[in-house]
Amino acid sequence: MKTKQDFFDRVYKLVAKIPRGKVTTYGAIAEACGIRSSARTVGWALNGASESGLPCHRVVNRFGALTGKIHFGDFHLMEDMLRSEGIEFDEDGCVNMEKHLWIPTKLKAKMKKKKTSSAVRSAKKPRLSRQ
DNA sequence: ATTATGACCTGTG
DNA sequence: ACACAGGCCATAA
């Protein structure tokens with residue numbers, strides 16, 4: 001059956017499959033669940049999952065920024081957890097996506113078709129992390 | 001039932 | 001290359 005709960009469940013399962021020392025993005029999860037446009041809902045799902053023992057700290061936004069750290073109680077908690085797993089941070093405080101970004105296998109096969117101009121969006125990253 | 005907000009992303013000017 | 005606006009789905013008031 002296709003319900004909201006089903007979507008949440010998929011998100012949880014995907015997040016649970018994120019390898020230690022790796023991170024993924026909301027968009028990747030959303031698209032892996034079949035809807036790339038509802039990346040926001042993924043965040044909502046994680047909001048309820050932050051206390052469910054899921055590695056939600058391994059989920060970051062497209063730029064590697066820890067946008068969800070504010071939901072961890074302490075801002076440095078999420079960062080500490082990631083660092084404990086061997087994840088390196090950029091000078092901007094963002095996760096080193098090139099090294100630690102992990103994409104679900106299903107999505108990998110999908111995105112083989114398209115090639116996004118990540119160069120353009122990468123240029124945007126400094127602007128976001130500019131606080 | 002409608003409006004507003006959110007741990008976001010993509011596309012166009 | 002940067003800035004603005006739209007969209008999409010679920011929850012809260």
Between atom [atom1] in [X] and atom [atom2] in [N], what is the gap in whole Å?
X        : N      : atom1 : atom2 : value
A:Leu46  : B:dC8  : CG    : C1'   : 12 Å
A:Asn61  : B:dC8  : CG    : P     : 6 Å
A:Tyr26  : C:dC9  : OH    : C1'   : 16 Å
A:Leu77  : B:dA7  : CG    : C1'   : 14 Å
A:Ile29  : C:dA10 : CD1   : P     : 16 Å
A:Leu54  : B:dA7  : CG    : P     : 18 Å
A:Leu107 : B:dC9  : CG    : P     : 13 Å
A:Arg62  : B:dC8  : CZ    : P     : 12 Å

Under 4.0 angstrom between A:Arg40 side-chain N/O and B:dT5 OP1 or OP2 =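 So the side-chain polar atoms of A:Arg40 never come under 4.0 Å of the phosphate oxygens OP1 or OP2 of B:dT5.
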Euclidean distance for C1', C:dC4 against B:dA7 (whole angstrom) |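 Result for the C1' pair: 23 Å, nearest Å.
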Could you work out which one of B:dC8, C:dC8, B:dT10 sits closest to the side chain of A:Arg36?
->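 Closest of the options to the side chain of A:Arg36: B:dT10.
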Select one nucleotide: of B:dC9, C:dC9, B:dA7, the one nearest the side-chain heavy atoms of A:Ser38.
->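 The answer is C:dC9, which lies nearest to the side chain.
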Expected output: side-chain A:Asn61 to main-chain A:Gly64 donor-acceptor under 3.5 Å =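 Looks like yes, one N/O pair under 3.5 Å.
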Could you go through the side chain to side chain donor-acceptor pair (under 3.5 Å) check for A:His57 and A:Glu85 one step at a time?
-> CA-CA 11 Å; A:His57 55 276; A:Glu85 298 189 350; 3.1 Å; yes
Can a donor-acceptor pair under 3.5 Å be found between the side-chain atoms of A:Thr41 and the base atoms of C:dC9?
->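 Present.
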Report the distance from atom CD1 of A:Ile87 to atom NZ of A:Lys99, rounding to the nearest 0.5 Å.
->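 Going from CD1 on A:Ile87 over to NZ on A:Lys99, the span is 13.0 Å.
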Which residue, A:Val23, A:Val15, A:Val11, A:Leu14, forms the side-chain contact (heavy atoms from CB on, under 4.5 Å) with A:Val59?
->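 The option that passes is A:Val15.
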